[in-house]
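Down below is the structure, laid out as structure tokens.
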Amino acid sequence: MSLPEPPPLSEPPHLPEPPHLPEPSPPVLALRNLRKRFGSKVAVEDLTLDVPAGTMLGLLGPNGAGKTTALAMTTGLLQPDAGTAWVLGADVWRDPAGAKARLGVLPDGIRMFDRLTGTELLRYSGLLRGMDETDIAGRSAELIGALGLADAAGTLVVDYSAGMKKKIGLACALIHAPRLLILDEPFEAVDPVSGETIRQILRAFVAGGGTVVLSSHVMELVESLCDRVAILAEGRLLAHGSLDEVRAGMSLQQRFLDLVGSHDLGEETLAWLRSS
Ligand SMILES: Nc1ncnc2c1ncn2[C@@H]1O[C@H](COP(=O)(O)OP(=O)(O)OP(=O)(O)O)[C@@H](O)[C@H]1O
């Protein structure tokens, strides 16, 4: 007996081509398992973090959380006990020149060559970066003007106020137009007018494709300026991601307190301070 012919197989339905998704670009900053101890004190433990291009990340944490230690390991200022840091694919510890060429750094408690004037310090920074004199002169004048330091350009940096030192340090970090800025408390001691100028500079830098990592204790500042947040406490990363992911529907302040813990003072604490 002959079997009936099987029905002809229908043509597979024509599926539309999947949309072409761009390859995700590699992170500008990649930290892997960074660790630093000072004696028995764990300053940073197993820190792993990616910072994508064109973003501004706010690094938050209570005093002593490990922020400065983490940023110092990231910028080649402090040798980690373990782990690695890459800046645009360059290993900060194996290829320091490659990494630092793309990096602008404002360290905390900077020891600057403060027997130079502001203009001389900027020129020195530019020369260190291999810039030519004409570019240095043009960019220095622009940075000094933008940061409100024109009247102090010829003054020795040792005679600058804390806020002025912060601003000339920021100018030194910017002069070679880096791709990644790492700024440890850039707004500390800076007056509100200069603070607004710095915000504008950083926003324009990111809009132009640059990437910023900054540490701060000011939640409102991070909330209004940064699109990514990382929270560190006792050397460990408690949360990181986009601002909305980290906030999880709360204010950043509340989320921070929930994560790191707050402590209410009891009625009797410092009772002697009350005058009545
Ligand atoms: N050179 C050092 N020697 C010994 N301990 C250190 C050293 N540097 C930092 N530490 C310790 O490591 C821990 C992390 O300090 P770090 O300065 O990184 O914190 P931070 O988050 O930047 O603090 P802050 O917000 O107060 O500036 C602290 O307990 C600190 O005492």
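By convention here, the first residue in the shown sequence is residue 1. These numbers were taken from a predicted model, which means no experiment stands behind them. As the structure lists them, so they are numbered: ligands from 1, and atoms in each ligand from 1.
Remark: atom 31 (O) of ligand 1 lies closer than 4.0 Å to no protein heavy atom. The nearest protein heavy atom to atom 7 (C) of ligand 1 is closer than 4.0 Å.
Nearest protein neighbour of atom 21 (O) of ligand 1, counting heavy atoms only, is K67 NZ, 2.8 Å. The shortest contact between atom 27 (O) of ligand 1 and any protein heavy atom is with E185 OE2, 3.9 Å. Scanning all protein heavy atoms for the shortest distance to atom 29 (O) of ligand 1 gives K41 CE, 3.1 Å. In terms of protein heavy atoms, atom 26 (O) of ligand 1 is closest to N63 ND2, 3.0 Å. Ranking protein heavy atoms by distance to atom 17 (O) of ligand 1, first place goes to T68 CB, 3.7 Å. Of the protein's non-hydrogen atoms, A43 CB, 3.5 Å is the one closest to atom 12 (O) of ligand 1. With hydrogens left out, the protein atom closest to atom 1 (N) of ligand 1 is F38 CE2, 3.7 Å, a heavy atom.
With sequence neighbours excluded, the residues satisfying salt bridge (Lys or Arg N to Asp or Glu O under 4.0 Å) with R35 are E45.
D50 has no carboxylate O lying under 4.0 Å from a charged side-chain N of R228, or vice versa, which leaves the two without a salt bridge. Taking a cutoff of 4.0 Å between a charged side-chain nitrogen and a carboxylate oxygen, E185 and K67 do not qualify as a salt bridge. Between R247 and D244 there is a salt bridge, with a side-chain nitrogen of the basic residue lying less than 4.0 Å from a carboxylate oxygen of the acidic one. Ion pairing between a basic and an acidic side chain is recognised when a charged N comes within 4.0 Å of a carboxylate O; D81 and K36 show such pairing. Using a 4.0 Å cut-off between charged nitrogen and carboxylate oxygen, E196 and R199 count as a salt-bridge pair.
Within the 3.5 Å criterion, the main-chain N or O of E220 finds no donor-acceptor partner in the side chain of E223.
Judged by distance alone, the side chains of S215 and D184 do bring a donor and an acceptor atom under 3.5 Å apart.
Among L60, T69, L232, L78, the residue whose heavy atom lies nearest to atom 15 (O) of ligand 1 is T69. The closest heavy-atom contact to atom 19 (O) of ligand 1, among the options A233, S215, G66, S216, comes from G66.
Applying the side-chain contact (heavy atoms from CB on, under 4.5 Å) test between C226 and each of L202, L57, L214 identifies L214 as the sole match.
With rounding to the nearest 0.5 angstrom, the CG atom of L88 is 5.0 Å from the CZ atom of R179.
Applying the 4.0 Å criterion to heavy atoms of A65 picks out, from ligand 1, the atoms 19 (O), 20 (P), 21 (O).
Looking at ligand 1, you won't find any N or O of D108 less than 3.5 Å from one of its N or O atoms. Below 3.5 Å of separation, one finds an N or O of G64 facing an N or O of ligand 1.
Heavy-atom separations between H217 and ligand 1 include at least one value shorter than 4.0 Å. In this structure, A70 falls outside the shell of residues with a heavy atom less than 4.0 angstrom from ligand 1.
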